[in-house]
There are 2 protein chains.
Amino acid sequence: MPKPLRADAARNRDKLLDAATRVFGERGLDAPLEEIARRAGVSIGTLYNHFPTREALIDAIFPARVAVLERIGAQALADDDAWRGFTRFVEGVFALQAEDFGLNDALSGRFSTAAGLAEACRGGLEIARRLIARAKDSGQLRADFEERDFITLIWAMSKVIRESADEAPLAWRRCLAFFLDGLRAEAARPIPS
Amino acid sequence: MPKPLRADAARNRDKLLDAATRVFGERGLDAPLEEIARRAGVSIGTLYNHFPTREALIDAIFPARVAVLERIGAQALADDDAWRGFTRFVEGVFALQAEDFGLNDALSGRFSTAAGLAEACRGGLEIARRLIARAKDSGQLRADFEERDFITLIWAMSKVIRESADEAPLAWRRCLAFFLDGLRAEAARPIPS
DNA sequence: AAGTAAGTCGAGGTATGCCTCAACTTCTTC
DNA sequence: GAAGAAGTTGAGGCATACCTCGACTTACTT
């Protein structure tokens, strides 16, 4: 339906998406749009011509990246061992976040105004829900761990990832290991009110 | 040594500290200084007259707040049960952070350029170190938990606290409970490299 | 009560980043 | 290759926040 772009416009659009992916990846979703335009070798006006809002740009990039998570989740669901599937999924998600500050922001809910991104996140959460249920059913994941706790975990780890990126880029793995040990059914103690 | 302030200046200084405490508490350490001046009923020039940099203002407020942590830590060290002391300290720290976004920023290392604050944090860490050692010695805290993991935990929880403050102000307690269950010696599994 | 040091004020300069639009350039079509 | 549609440009207006400085006001001293 949308009429085809002129050749140069299509080229510029690609350059913009490319630059945006890099800049968002390095600096997060609130990186200055002017830097994206600069890196794309294009004027700020052209950026706005293609993507009238920051959300539009985000929506053009991140749903596909989030979809990668769904693939990881699908593989995890195929794992014989429900616990191993769950942990591999979680580790996979954070490993991706560690390489891409934009994805990090995207998953931790900043810019949830970007409709396509929000939709993709819902898809990812759906898979997470299934992995959680399966790991609980197998008796390996503690019974009181819920979907909302998964979201909380994403918040927690996203900060750790960002904060330690320069100094100790593997710190998040240690932190996650501790956390996962607390999620095993046999480690569970009642949550104090 | 510093000659005494004129009466009105001392009053303004107090009003500024008061306003800054509230504004930092609500909005974090990067709150606009002009709002602090406004809330103090004083001009921006007066703010700069008393506190030439943001750091000076932070240093005038937060060392005392961080010192509260040391008191909590001292109480925790007095607890018969080393594990209970450790967990009470941790919970105490985060409970304070939950009430004060400024303290939250302060402890998670933003504005570590503020010398007095950094010093106070070092003091707090010293206590944490002792609590950790004691809880490990008692065989209750897992042996591979280190001081740097405590710092990582602070990063993690600070984000959870901030993010959930509006929607679910108790989410951090759940998250912390899971995490602490993973810190018990009997829950510990080797950390994957 | 006057003189002066101390303190206050706030308009305005600087910087960053958002976003627009009228003039210009380039592609495509016939 | 001319005309028109499509796309690009970047200066400039807007907003926020930082920070300064010269004119003004107030408190203290004698």
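As a basis for the values below, the full set of heavy atoms in this structure was taken, side chains included, without hydrogen atoms, waters or symmetry mates.
At most 12 heavy atoms of other shown residues, nucleotides or ligands fall within 6.0 angstrom of atom CZ in B/R65. Atom CD of B/E186 has more than 12 neighbouring heavy atoms from other residues, nucleotides or ligands inside a 6.0 Å radius.
Atom CG in B/L47 sits about 13 Å away from atom C1' in C/dC9, given to the nearest Å. Rounding to whole angstrom units, CG of residue A/L29 and P of C/dC18 are separated by 13 Å. Distance OH (A/Y48) to C1' (C/dG17): 8 Å, rounded to an integer number of Å. Taking atom CZ of A/F51 as the reference point, atom P of D/dG7 lies 13 Å away to the nearest angstrom. Rounded to whole Å, atom P of C/dT16 lies 13 Å from atom CD of A/E35.
Taking both residues in full, the closest heavy atoms of B/A185 and B/G139 are given as CB-O, 3.3 Å, listed atom of the first, atom of the second, then distance. Closest non-hydrogen pair, B/A60 versus B/L17, comes out as CB-CD2, 3.8 Å.
Along DNA chain D, the nucleotide nearest to A/A10 and the one nearest to B/R27 differ in position, and the one closer to the 5' end is contacted by A/A10. Comparing A/D30 and B/N12 against DNA chain C, the residue whose closest nucleotide sits nearer the 5' end is B/N12.
For D/dT9, one of the phosphate oxygens OP1 or OP2 lies less than 4.0 angstrom from a side-chain nitrogen or oxygen of A/T46. Contact annotation: A/H50 side-chain N/O to D/dT8 OP1/OP2 distance is under 4.0 Å. Between B/N49 and C/dG7 there is no side-chain N or O to OP1 or OP2 distance below 4.0 Å.
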Query - Trace of the side chain to side chain contact (heavy atoms under 4.5 Å, CB included) decision for B/I151 with B/L125 - result: CA-CA 9 Å; B/I151 295 173; B/L125 261 188; 3.9 Å; yes
Query raised in the report: Can B/S158 and B/I161 be said to form a side chain to side chain contact (heavy atoms under 4.5 Å, CB included), step by step?
Result: CA-CA 5 Å; B/S158 75; B/I161 288 168; 5.6 Å; no
Could you list all N or O pairs between the protein and nucleotides 11-16 of chain D that sit under 3.5 Å apart?
none

Table of protein N/O atoms under 3.5 Å from nucleotides 25-28 of chain C N/O atoms:
unit_1, atom_1, unit_2, atom_2, d
C/dT26, O2, A/R6, NH1, 3.2
C/dT26, O2, A/R6, NH2, 3.4
C/dT28, OP1, A/A7, N, 3.2

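A salt bridge does not link B/K159 with A/E163: every distance from a Lys NZ or Arg NE/NH1/NH2 to an Asp or Glu carboxylate oxygen is 4.0 Å or more. A salt bridge links B/R39 and B/E26; the closest N-O separation between the charged side-chain nitrogens and carboxylate oxygens is under 4.0 Å. Remark: A/E91 does not engage A/R88 in a salt bridge, criterion side-chain N to carboxylate O under 4.0 Å.
Remark: of the listed residues B/D144, B/D181, B/L153, B/L180, B/D144 is the sole one forming a side chain to side chain contact (heavy atoms under 4.5 Å, CB included) with A/F178. A side chain to side chain contact (heavy atoms under 4.5 Å, CB included) with B/F24 holds for exactly one of B/I36, B/L103, B/D105; it is B/I36.
Heavy-atom distances under 4.0 Å link DNA chain C to no residue of residues 15-23 of chain A.
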